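Inspection log for the structure reproduced underneath, given as structure tokens.
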Protein chains: 2
Amino acid sequence: MTEEAGGSTTTSIQAKVIAEMRARIISGEVDPGAPLSELVLADEFGVSRTPVREAFKQLQTEGLVEIRPRVGTFVTTPSRREITELFEMKELLEGAAARLLAQRGRVPEIDRLRHNLAEADAAVARDDREHYAELVGEFHDLLITGADNSKLEAHYTTLMNQLAYPRLVKTSLDQPGRPLQSDREHHLVLELIIQKDGDSAEQVMREHVRASRRALLAGLPAPGPGPSTDPART
Amino acid sequence: MTEEAGGSTTTSIQAKVIAEMRARIISGEVDPGAPLSELVLADEFGVSRTPVREAFKQLQTEGLVEIRPRVGTFVTTPSRREITELFEMKELLEGAAARLLAQRGRVPEIDRLRHNLAEADAAVARDDREHYAELVGEFHDLLITGADNSKLEAHYTTLMNQLAYPRLVKTSLDQPGRPLQSDREHHLVLELIIQKDGDSAEQVMREHVRASRRALLAGLPAPGPGPSTDPART
DNA sequence: CACCAATCTCTTGCATGCAAGGAACGTTAG
DNA sequence: CTAACGTTCCTTGCATGCAAGAGATTGGTG
């Protein structure tokens, strides 16, 4: 769930390039808007331009980079508007996942969610935001997986990649009181799922996503939508 | 909306190949499971293997073809299960679009939807299924566009491409009484949207999608999920 | 001093060559 | 006749070469 969005069936070198580049982008190792040179990366990976080029092509389809013909390839910089849209989609998909999971009844994912929340409670109790952030990611992933719809899962992964979510979670959890609130909301959602109340589960889950989005935006100072000409990391 | 799913910013030849191949696949001009040779297509388009290859890469990410390394590229054959999943997503996205559109209030798309339904009524009245099928597609597209969320639109387009929807619509409309029923449901949805009743609009829209899916599956004889080794069109 | 223009370099787009890996076929042994 | 094996052909994966376009830099001019 964490990596591999599309369907990279390729066995070798190209897959590595794609995975590595994707990781760098969503982790924020390369800055949004930064140019990505085929040649430089090819040298770095010790391969020719071709696989790098094909990797770019795929990452473009995934929405992680933008290829401007004859100009260069750049890490995409989601505009404020796009971030809103992405969260709208996140809300939609996660809400649906909660409902679908509730409909499925007793499946292994339920237990794993329970276990996840137990750990999360402990992490919140000792104010371990680092670990809690991981657990939050796992919770949402489990929810999606539990919906048992591969298409939903694929679209969701693409979405999260575009949001570079791992970076964002921490920001939102730095809001005072947010971890505790978040943890409570997770509990409520799981409870409703176990009760097979799909409608409520979806509703609460959507509200949860909105709350997390608010917490996130409150923690973001400058949007920085401008396509920075910053030549960092060339 | 009909073509261009990902973000093919490329200016020239490669974009043509992608568009053409996509059109052929969703129109059913090439059979599902059929092999696609880089060399053959390169010859046909009068270009080298490279752009064809890159086009394949993108189409793979879109879920239209499957590249088996060192073996070949094949038109994807959605399994019965995948079709179910795709419809689940369709229901989800179109339902959400209806709700979002209702929330937006009076926008140009509303009028275009009205006009579309007027034409649709006429088409149904004279039993012009061909034209009605087109109008149905337009109705759904307008709905999505009206939601004013580019991410939703992008995901929706990908979805429809994977379903090769244009082919399917006609099948479902061949069910007796389905066009009339479909038209009525469209009217109801639009009515609810105009009344700004987002919740109901979403609910009815989702029911409509389910109904259309039922009509479709009733008209499909054999699933044929097997990855046919049929070497047609080599 | 400001502005315009020509050039010059760096970028990607495409063509092509070579090699590695499968799959299918024909062959041969049991 | 069947089954296992070896070979051949066909497929894509990757490397590289060349050309065209865009952008930045620099020189010239008003």
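Sequence lines set the chain letters: A, B, ... in the order given, protein chains first and strands last, and positions in each chain run from 1. What you see is a predicted model; the values in this text were computed from it and never measured.
- When the nearest nucleotides of DNA chain D are assigned to B/Leu36 and B/Thr50 by heavy-atom distance, the more 5′-ward of the two goes with B/Leu36.
- Close to D/dG13, at under 4.0 Å from its OP1 or OP2, lies no side-chain N or O of A/Gln14.
- One can place CG of A/Leu41 at 14 Å from P of D/dA15, the figure rounded to the nearest angstrom.
- Side-chain N/O atoms of B/Ser48 include one lying less than 4.0 angstrom from OP1 or OP2 on C/dA15.
- Distance, B/Ile13 CD1 to D/dA20 C1': 14 Å, rounded to whole Å.
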Could you go step by step and tell me if A/Arg112 and A/Asp141 meet the salt bridge (Lys or Arg N to Asp or Glu O under 4.0 Å) rule?
CA-CA 11 Å; A/Arg112 297 180 62 189; A/Asp141 281 354; over 6 Å; no
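- Summarising the geometry, the separation between CG on A/Asp43 and C1' on D/dT16 is reported as 13 Å, rounded to the nearest angstrom.
- Per the geometry, NZ belonging to A/Lys57 stands 18 Å off C1' belonging to D/dG13, to the nearest Å.
- Within 6.0 Å of CD in A/Gln103 there are more than 12 heavy atoms belonging to other residues, nucleotides or ligands.
- With respect to A/Lys57, the side chain to side chain donor-acceptor pair (under 3.5 Å) criterion is satisfied by exactly one of B/Gln58, B/Gln60, B/Glu54: B/Gln58.
- Looking only at distances, a side-chain donor or acceptor of A/Asn116 sits under 3.5 Å from a matching main-chain atom of A/Leu135.
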Atom pairs under 3.5 Å: protein N/O with N/O of nucleotides 17-22 of chain C:
| residue | atom | partner | partner atom | Å |
| --- | --- | --- | --- | --- |
| C/dA20 | N3 | B/Arg70 | NH1 | 3.1 |

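- Contacts of B/Arg210 classified as salt bridge (Lys or Arg N to Asp or Glu O under 4.0 Å), with partners at least two apart in sequence or in another chain: B/Glu91, B/Glu207.
- Regarding A/Glu38, its CD atom lies at a distance of 18 Å from the P atom of D/dG21, rounded to whole Å.
- Using a 4.0 Å cut-off between charged side-chain N and carboxylate O, A/Arg99 and A/Glu202 make a salt bridge.
- The CZ atom of A/Phe45 sits 19 Å away from the P atom of D/dG13 (whole-angstrom rounding).
- Remark: C1' of D/dC10 and CZ of B/Phe74 are 12 Å apart, rounded to the nearest angstrom.
- Counting to the nearest Å, the C1' atom of D/dT11 and the CD atom of B/Glu66 are 15 Å from each other.
- Note on B/Arg68: every side-chain N or O is 4.0 Å or more away from OP1 and OP2 of D/dT12.
- Note on residues 37-95 of chain A: no pairs pass ring pair (Phe, Tyr, Trp, His ring centres under 6.0 Å), not counting sequence neighbours.
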